[in-house]
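Below is one structure, written out as structure tokens; comments come after it.
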Amino acid sequence: MEGWERVQYIMEAEGYNKNSFSVAIGISNNVTITRIINEKRNPSRATCQKIIDRFPQYSFDWLFSGIGNILNEGQIVSIKSGEERVETENNTNIPFMSNANRLETTGFMNVPLVHIRAQCGYLNGYGDEGYLESLPSLPVIVDRTYHGKYMLFEAEGDSMDDGSKDSICDGDIVLAREVNRDLWRYKLHIRDWYFIIVHRTEGIAIKKIVDHDVERGIITCHSLNDMFRDYKVHLSEVAELYNLIKIVDRSARL
């Protein structure tokens, strides 16, 4: 059995398709799993680890290299109506009830998260599929009528905090959807969204764009906190641009 067949085996044995399986293992879209199966590729170590983290009853060595048994001993072997059974060394199945049930709703997606401490790495690896797979992820509700690349970013500093309900506070986790580069040639919807600007050399910033000079390709970035001055950025210096969709986590700090 080849590597892609082992991935397909687990996917089908657990009752998933490529889309739902990708969500289950924490990948934000089905590109990785689809390419592995359709192009008969061997899965990367990172992808195998995501699968085993979600389905620990399977052996990592078997999935990654085809060595050994398919299943580990002493792992969950069946799940039905909230009841789980653990197979012990003497082959006795012991039932127990879990208060955490598998979430099957398609309203949730696992979205990669870029922490403050990981932002330097993101600037180097944003175009690397393997790097994106290595990022932690969180399940969030997204509007499935939209397609595209979603990311979570951790806000840093108080430049977007003016004490109002519109503030983005230090430590907030925000959901963002990428603005396709082809759309940068037209007037951005600057009245509708805050933006996450991934600058090639200056890092990641959350700002309100107050002007977009389409002809020159220059945006004017504005902070809600009036202690920070507006500044201009040429879009040729920007690696990625995102609409800030919503705040998904905020600490209840005083």
Side-chain angles (χ1 to χ4, degrees), residues 1-87 93-114 128-152 175-178 245 248:
M1 188 181 291
E2 299 296 326
W4 68 271
E5 293 176 296
R6 295 191 291 273
V7 172
Q8 183 172 265
Y9 174 88
I10 294 176
M11 181 183 74
E12 294 179 349
E14 297 299 323
Y16 290 88
N17 58 32
K18 296 184 184 74
N19 288 327
S20 58
F21 187 69
S22 298
V23 172
I25 66 174
I27 298 177
S28 59
N29 57 58
N30 69 0
V31 173
T32 298
I33 297 302
T34 297
R35 292 183 69 182
I36 288 172
I37 294 175
N38 290 2
E39 299 176 16
K40 300 183 178 180
R41 297 184 172 199
N42 286 322
S44 68
R45 178 178 290 273
T47 298
C48 288
Q49 190 60 60
K50 285 181 178 290
I51 295 172
I52 296 304
D53 286 345
R54 178 61 181 82
F55 304 105
Q57 63 268 38
Y58 295 96
S59 163
F60 177 87
D61 290 337
W62 172 79
L63 176 59
F64 183 64
S65 60
I67 297 173
N69 296 324
I70 296 175
L71 295 176
N72 289 315
E73 294 184 359
Q75 296 291 339
I76 296 170
V77 296
S78 67
I79 301 176
K80 184 178 181 180
S81 300
E83 181 185 87
E84 300 182 356
R85 292 180 177 269
V86 173
E87 185 176 348
N93 286 339
I94 302 176
F96 68 94
M97 296 300 295
S98 171
N99 70 336
N101 297 313
R102 179 184 294 173
L103 187 63
E104 299 291 355
T105 175
T106 58
F108 283 81
M109 288 179 62
N110 282 305
V111 181
L113 168 63
V114 181
D128 185 332
E129 183 177 317
Y131 172 79
L132 294 179
E133 287 186 13
S134 72
L135 292 172
S137 61
L138 290 176
V140 296
I141 300 174
V142 298
D143 187 341
R144 297 304 294 268
T145 62
Y146 288 102
H147 300 282
K149 179 181 177 182
Y150 287 86
M151 295 292 294
L152 292 167
L175 175 67
R177 184 178 62 246
E178 186 178 21
I245 306 302
V248 300

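Just so it is clear, the values below take in all heavy atoms, side chains as well, and ignore hydrogens, waters and symmetry mates.
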Gap separating the [atom1] atom of [X] from the [atom2] atom of [Y], nearest 0.5 angstrom:
X	Y	atom1	atom2	answer
I52	I25	CD1	CD1	10.0 Å
Q8	E12	CD	CD	4.5 Å
R41	T47	CZ	OG1	11.0 Å
M11	S22	CE	OG	8.5 Å
K18	N30	NZ	CG	8.5 Å
M151	L113	CE	CG	8.0 Å

Which of these passes side chain to side chain contact (heavy atoms under 4.5 Å, CB included) with I27: I51, N110, T32?
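With I27 as partner, I51, N110, T32 yield a single side chain to side chain contact (heavy atoms under 4.5 Å, CB included), made by T32.
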Can any side-chain N or O of R6 pair as donor or acceptor with the backbone N or O of M1 at less than 3.5 Å?
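Checking the backbone N and O of M1 against the side chain of R6, a donor-acceptor pair under 3.5 Å is found.
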Next on the checklist: Would the distance check show the side chain of S20 and the main-chain N or O of Y16 forming a donor-acceptor pair, the cut-off being under 3.5 Å?
Outcome noted: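 Looks like no, no N/O pair under 3.5 Å.
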With sequence neighbours excluded, give me every ring pair (Phe, Tyr, Trp, His ring centres under 6.0 Å) pair touching residues 17-49.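 Non-adjacent pairs meeting ring pair (Phe, Tyr, Trp, His ring centres under 6.0 Å): F21-F55.
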Residue list, side chain to side chain donor-acceptor pair (under 3.5 Å) with S59, at least two apart or on another chain =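 S59: no side chain to side chain donor-acceptor pair (under 3.5 Å) contacts found.
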Under the side chain to side chain donor-acceptor pair (under 3.5 Å) rule, collect the residues that match up with N42, sequence neighbours excluded.
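By the side chain to side chain donor-acceptor pair (under 3.5 Å) rule, N42 matches no residue at all.
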Given the rule in the side-chain contact (heavy atoms from CB on, under 4.5 Å) test, do I10 and L63 qualify, once you have shown the distances and angles that lead to the verdict?
CA-CA 9 Å; I10 294 176; L63 176 59; 4.0 Å; yes
task = Could you walk me through whether V23 and N19 pass side-chain contact (heavy atoms from CB on, under 4.5 Å), step by step?
result = CA-CA 6 Å; V23 172; N19 288 327; 5.9 Å; no
### Message
Are more than 12 heavy atoms, taken from residues, nucleotides or ligands other than F60, located less than 6.0 Å from that residue's CZ atom?
### Response
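It does: F60 CZ has more than 12 such atoms within range.
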Which residues share a side chain to side chain contact (heavy atoms under 4.5 Å, CB included) with N29, sequence neighbours left out
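If we apply the side chain to side chain contact (heavy atoms under 4.5 Å, CB included) test to N29, skipping adjacent residues, the hits are V31.
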Fill in: Pairing residues for R45 by the salt bridge (Lys or Arg N to Asp or Glu O under 4.0 Å) criterion, not counting sequence neighbours
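Partners of R45 by the salt bridge (Lys or Arg N to Asp or Glu O under 4.0 Å) criterion come out as none, since no residue qualifies.
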Quick one: does L175's side chain get under 4.5 Å of Y150's, heavy atoms only?
->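 A side-chain contact under 4.5 Å exists here.
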Min side-chain heavy-atom separation V248-L152 under 4.5 Å: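 Yes, at least one pair of side-chain atoms sits under 4.5 Å.
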(request) Applying ring pair (Phe, Tyr, Trp, His ring centres under 6.0 Å), name anything that partners W4, two or more places apart in sequence or on another chain. (result)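 None.
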**Message:** If we count only N and O atoms by modelled type, under 3.5 Å, do the side chains of E14 and Y58 hold a donor and an acceptor together?
**Reply:**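 Judged by distance alone, the side chains do pair up.
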message = Minimum heavy-atom separation for S137 and G26, please, with both atom names.
response =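 Residues S137 and G26, closest heavy atoms: OG-O, 3.8 Å.
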L138 and V111: CA distance, side-chain angles, deciding distance, side-chain contact (heavy atoms from CB on, under 4.5 Å) verdict: CA-CA 5 Å; L138 290 176; V111 181; over 6 Å; no
